Amino acid sequence: ATISATQWGYVGGLDQALTTSSTVTFATVNINTTGTDAILTLTSTDTSSSASPVIDLIRDSSSPASADYLGQIKFKGENSSGGSVVYSKITGKIDDETASAEDGIIEFAVQRNSSQTIVMRLKHDKLLLLNSQDLEVDGKIKITADGSSSDNFISVGASDDLKLYHASNNSYVINTAVGGLYLENAVTDGGIFLRADRGGSQANYIWIDGNDEEIKMFEDLSIIKAVGSSKLTMFALNDTSEDIFTIDAQDTKYGSAGTDIFLSNMQGSNNQRLVLVDGSSSTADMFQLRYSTDGFSSVDNEVFSVAGDG
């Protein structure tokens, strides 16, 4: 159908021409309005599940190539000086034009500091945020499939230097870089807590207290065990008399002073004791030292002997 100059002047003629079954060809179409209602409406009365209405943006090139731009939708407006600006645009692009192996791209660009900047590119296998574009989510970032050290993980670093993933019943944080793995609280005098479930609710077990410069244990954590054939070892970091390990509000101390190793009972009253107990009975003291004004002595008929060359 052809729209005559007379028909072009009023909506009835345009409507009549575009509702025919013939193809209507225009070099350029401009539709102007002063209102805010939709100025172009495409309606389909088809009752099937197929997509309709459909808009085709066709780049009919005789020499298609990778990285060729295709159809584009531009969102234009004016700046404060009245100049026309393309504030954002969506563009189709060829990634691979090989027959039976074609790949496409959708590209998103916006104005950034008065420069057109590509900020997102949707490819056939990934979504890319480009040119220092941040991601901010008001909701969840969710990976539904179980991960592994080689697949379905959150990656940080150019070479997957830090990996976070969940597999089966366990969760993992893995550092694959040359350097160390740091857990840091940058808040002034802030702490770091290690928590675990206890009886169905979360409980604090270990607290690294930046304010008191101490490592504290909670929830009656009175035993530290070495699992399997491992050995539990405590290291002194220097040759001073500073505490290595304390029990019961510093009543009992294990420490070092120079080349000496000491075990101390720090109770403030007289007659405090250091006792070696027979493990078969809580009352059978094998060795006991009691403090008195006359010095240390053996009491209650306990026997202390040294065998061999001692």
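Given the structure is predicted, the values throughout are model-derived calculations rather than measurements. What's counted below: heavy atoms across the whole structure, side chains too, no hydrogens, waters or symmetry copies.
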P53 to L42 - nearest heavy-atom pair and separation: CG-O, 3.5 Å

Heavy-atom pair of closest approach, residues K163 and T176: CE-CG2, 4.3 Å

Co-membership, hydrophobic cluster, residues I118 and L135, 4.5 Å side-chain: no

Transitive ILVMFWY side-chain link I154 to L183, under 4.5 Å: no

Distance in Å, K93 NZ paired with R59 CZ, rounded so as to fall on 0.5 Å steps: 12.0 Å

Criterion side-chain contact (heavy atoms from CB on, under 4.5 Å) on Q202 and D197, from CA distance to verdict: CA-CA 4 Å; Q202 292 296 308; D197 182 86; 3.8 Å; yes

I192 CD1 to I208 CD1 distance, which is reported to the nearest 0.5 Å: 5.0 Å

Transitive ILVMFWY side-chain link V173 to I143, under 4.5 Å: yes

Whether D151 side chain and S148 backbone form a donor-acceptor pair below 3.5 Å: no

Chi angles and distances behind the side-chain contact (heavy atoms from CB on, under 4.5 Å) call for D160, F153: CA-CA 9 Å; D160 297 335; F153 55 83; 3.6 Å; yes

Side chain to side chain, V156 and D161, heavy atoms closer than 4.5 Å: no

Crowding at CG, L181 (>12 non-hydrogen neighbours, <6.0 Å): yes

Point-to-point distance, once rounded to the nearest 0.5 Å, from CD1 of I105 to OG of S66: 7.0 Å

Residue pair L129 / D134: nearest heavy atoms and the distance that separates them: CD1-O, 4.2 Å

Under 3.5 Å: donor-acceptor pair, side chain of T117, backbone of V119: no

For D95 against K123, the heavy-atom pair lying closest together: OD2-CE, 3.5 Å

Verify same cluster id: L57, L40 (apolar side-chain graph, 4.5 Å): yes

Approximate separation, where rounding is to 0.5 Å, of R195 CZ and I206 CD1: 13.5 Å

Neighbour count >12 (heavy atoms, 6.0 Å) for atom CD, E213: no

Joint cluster assignment, L194 & I215, ILVMFWY side-chain distance < 4.5 Å: yes

Heavy atoms of other groups near D60 CG, more than 12 under 6.0 Å: no

Within 6.0 Å of CG in L127, more than 12 heavy atoms from elsewhere: yes

Separation between CG of L128 and CD of Q133, rounded to the nearest 0.5 Å: 12.5 Å

Under 3.5 Å donor-acceptor, N185 side chain and G191 backbone: yes

Exercise: identify the closest heavy-atom pair between I90 and I106: CG2-CG2, 3.9 Å

Test item: Q111 and Q116 side chains (from C-beta on) under 4.5 Å apart, heavy atoms: yes

Straight-line distance of L70 CG to I58 CD1, nearest 0.5 Å: 11.0 Å

Sequence neighbours excluded - ring-ring contact (aromatic ring centres under 6.0 Å, His included) pairs with any residue from residues 171-190: Y165-Y172

Inter- and intrachain pairs under ring-ring contact (aromatic ring centres under 6.0 Å, His included), touching residues 81-127, at least two apart: none

Verdict with supporting geometry, N152 and D146, side-chain contact (heavy atoms from CB on, under 4.5 Å): CA-CA 7 Å; N152 292 336; D146 271 5; over 6 Å; no

Nearest atoms (heavy-atom pairs only) where R198 meets A203: CB-CB, 4.0 Å

List the atom pairs, donor and acceptor, that lie under 3.5 Å between side-chain atoms in residues 73-81 and the rest of the protein, sequence neighbours left out.
residue: N79; atom: OD1; partner: S81; partner atom: N; Å: 2.9
residue: N79; atom: OD1; partner: G82; partner atom: N; Å: 3.1
residue: N79; atom: OD1; partner: G83; partner atom: N; Å: 2.8

Whether R112 side chain and N131 backbone form a donor-acceptor pair below 3.5 Å: yes

